[in-house]
Amino acid sequence: MSGISFTAIDFETANSHRGSACAVGLVKVRDGHIVDTASWLIKPPPGVDDFDPINVELHGIAEPDVQNAADWEMSLEGILQFVSEDPIVAFDAAYDASVMRKATEHQHLDLPAKDFYCALHLAEDHLTLPRHRLSDVLAALDLPPVERHEPRSHALACAQIVLAIAATRGLTTLAEIWEGPTTAVGKRRRGRRVRTDADPEAESPSATPGGPDAAEGRDEHGGPGEPDANLAVVVPDAVPHLIADGGGTAEAGTAEAGRVEAGTAEAGSADLLQLSRTEVERPDFERSDIDRIEPDATAKPRAAKRAFSTAAGLVLFALGVAAAVGLAYLTGLTIRYFAAGQAVTAALTLAAAAATMWAIWASITRGWHRLRPGN
């Protein structure tokens, strides 16, 4: 198992929102051996930071426990430093990947691309069991059970499951264990890196003099110049595509296009603008003829129909609100009659309340249908 290296991860959440991460556990595997572990509490992102009693009962983490904990931004930085360039493995990769993605999106943070591999899918492929819960898989592989619902213990169990199945099946690399990632998070950066003073070996082959990217070395006047030392990413297709006028020719993407003078570029822009105008205008009509074209004869009926539909939708919404008020009144009457022992009267008011509920649903849904654009 000399080629098996990864980081196992497990998250706990404060509530049913996937972004409400409140704890994380990490286990690093190098060359088939567990070499490091880490875990810490996380203060969930604002807006999804309420603790559901069901979740608290499951993992034992309550709101007072995370008052002084690191927030998600700090925790994400710590997770990325621990993971480094490793692929990430989780017992339920889809769940843990969504926790990382949702928490990051909730706080509008950048998330680099990370591949997730699923230990649960691995167990389902190699172990014939009635159910593939974590405890069932650990028992089938003669691994120590997880005593409590704690993220480091679950991440450790996940790593042990992968190593045990790899040892049993004679798998020696991650590529042999999984054909590919189960899911992924984050965005891969687009563009080509060029050599900088701080990174002399990161030279892009396409950025050599005379190549397609020679135009990236222009100075502020459009002529050849030295590239900016702080420039680290070159956006693809940054070279302008010129349009030849008259009988001339100009090939997009050549080095000559990158060294065009500023005046020529302005002329090319004027030609492009003129071309776009020529394409838009209709050569078969004079401008005065176009001005005399009658508007669409169906425009007015359509506008009237739309206005009627909007008015009807608003009326239906108003009826729905009125029915909701009536439902509240009928519900109170039903409770009062049941308390007074008037079963027949209570049954009648209950039936009226049910009819009112249907009226609310019908009015609001039909009103929304009429208010939607295109209806």
* **Heavy-atom side-chain contact between Tyr117 and Ile88 under 4.5 Å** => no
* Closest contact, heavy atoms only, Cys158 versus Ala90 -> SG-C, 3.6 Å
* Asked: Atom CG of Leu26 and atom CD1 of Ile79: how far apart are they, to the nearest 0.5 Å?
  -> 6.0 Å
* To do: Could you tell me whether the side chain of Arg169 and the main chain of His126 form a donor-acceptor pair under 3.5 Å?
  => yes
* Donor-acceptor pair, Glu150 side chain versus Arg152 backbone, under 3.5 Å? -> yes
* Structure fact -> Interatomic distance, CG@Asp52 vs CG@Asn15, rounded to 0.5 Å, equals 6.5 Å
* Asked: Is there a donor-acceptor contact under 3.5 Å from the side chain of Lys187 to the main chain of Ala113?
  -> no
* **Check: Asp125 side chain, Leu122 main-chain N or O, donor-acceptor pair, under 3.5 Å** => no
* To the nearest 0.5 angstrom, please state how far the NZ atom of Lys102 sits from the CE atom of Met100. => 14.5 Å
* Asked: Is there a chain of hydrophobic side chains (I, L, V, M, F, W, Y, each step under 4.5 Å between heavy atoms) that links Val27 to Leu141?
  -> yes
* Under 4.5 Å between any side-chain heavy atoms of Asp96 and Arg101, yes or no? -> no
* Asked: Should Val99 and Met74 be counted in the same cluster of Ile, Leu, Val, Met, Phe, Trp and Tyr side chains packed under 4.5 Å apart?
  -> no
* **Residues, nucleotides or ligands: over 12 heavy atoms within 6.0 Å of Gln67 CD** => yes
* Pair Thr104-Leu76, side chain to side chain contact (heavy atoms under 4.5 Å, CB included): steps then yes or no -> CA-CA 8 Å; Thr104 305; Leu76 179 61; 3.8 Å; yes
* Electrostatic pair Lys43-Asp49, nearest N-O below 4.0 angstrom -> no
* With the 4.5 Å side-chain cut-off for hydrophobic clustering, are Leu171 and Leu163 part of the same group? -> yes
* Within 6.0 Å of CD in Glu176, more than 12 heavy atoms from elsewhere -> yes
* Sub-4.5 Å side-chain heavy-atom contact between Ile4 and Thr172 -> no
* Check ion pair Asp92-Arg133 (N to O, under 4.0 angstrom) -> no
* When clusters are formed by joining ILVMFWY residues with side-chain heavy atoms under 4.5 Å apart, either directly or through shared neighbours, do Val24 and Phe51 land in the same one? -> no
* Asked: Does some side-chain heavy atom of Asp136 sit less than 4.5 Å from a side-chain heavy atom of His132?
  -> no
* Structure fact -> Shortest non-hydrogen pair, Pro87 vs Leu174, comes out as CG-CD2, 3.3 Å
* Main-chain N/O of Ile42 paired to Ser75 side chain as donor or acceptor, under 3.5 Å -> no
* Asked: Taking C-beta and beyond as the side chain, do Phe91 and Asp10 meet within less than 4.5 Å on heavy atoms?
  -> no
* Can you tell me how far the CZ atom of Phe82 sits from the CG atom of Asp36, to the nearest 0.5 Å? -> 4.0 Å
* To do: Run the numbers on Phe116 and Thr183 for side chain to side chain contact (heavy atoms under 4.5 Å, CB included), then give the verdict.
  => CA-CA 5 Å; Phe116 274 74; Thr183 186; 3.6 Å; yes
* To do: Measure across Gly78 and Trp40 and return the closest heavy-atom pair with its distance rounded to 0.1 Å.
  => C-CH2, 3.9 Å
* To do: Heavy atoms only: give me the nearest Ile177-Ala166 pair and the separation to one decimal.
  => CD1-CB, 3.9 Å
* Asked: For the residue pair Ala346 and Thr334, what are the closest heavy atoms and their distance?
  -> O-CG2, 3.8 Å
* Minimum heavy-atom distance between Gly25 and Ser39, given as atom pair plus value -> CA-CB, 4.0 Å
* **Donor-acceptor pair between Thr13 and Tyr95 side chains, under 3.5 angstrom** => yes
* Side-chain contact, heavy-atom cut-off 4.5 Å: Val344 with Tyr337? -> no
* **Heavy-atom side-chain contact between Leu80 and Glu77 under 4.5 Å** => no
* Structure fact -> Interatomic distance, CH2@Trp178 vs CZ@Phe6, rounded to 0.5 Å, equals 6.0 Å
* Taking atom types as modelled and ignoring hydrogens, do the side chains of His149 and Glu12 form a donor-acceptor contact shorter than 3.5 angstrom? -> yes
* To do: Identify the residue among Leu143, Ile34, Val146, Ile161 that makes a side chain to side chain contact (heavy atoms under 4.5 Å, CB included) with Leu156.
  => Ile34
* Flag yes if Leu41 and Val48 sit in one hydrophobic cluster, no otherwise; membership is Ile, Leu, Val, Met, Phe, Trp, Tyr, and two members link when side-chain heavy atoms are under 4.5 Å apart. => no
* Working to the nearest 0.5 Å, report the span between CD of Glu105 and CG of Asp110. => 11.5 Å
* **Student check: side-chain heavy atoms of Leu138 and Pro144 closer than 4.5 Å** => no
* For Val35, does its backbone N or O pair with a side-chain atom of His33 as donor and acceptor, under 3.5 Å? -> no
* Assign the ring pair His106 / His17 to parallel, tilted or perpendicular, where the plane angle (0 to 90°) is split at 30° and 60°. => perpendicular
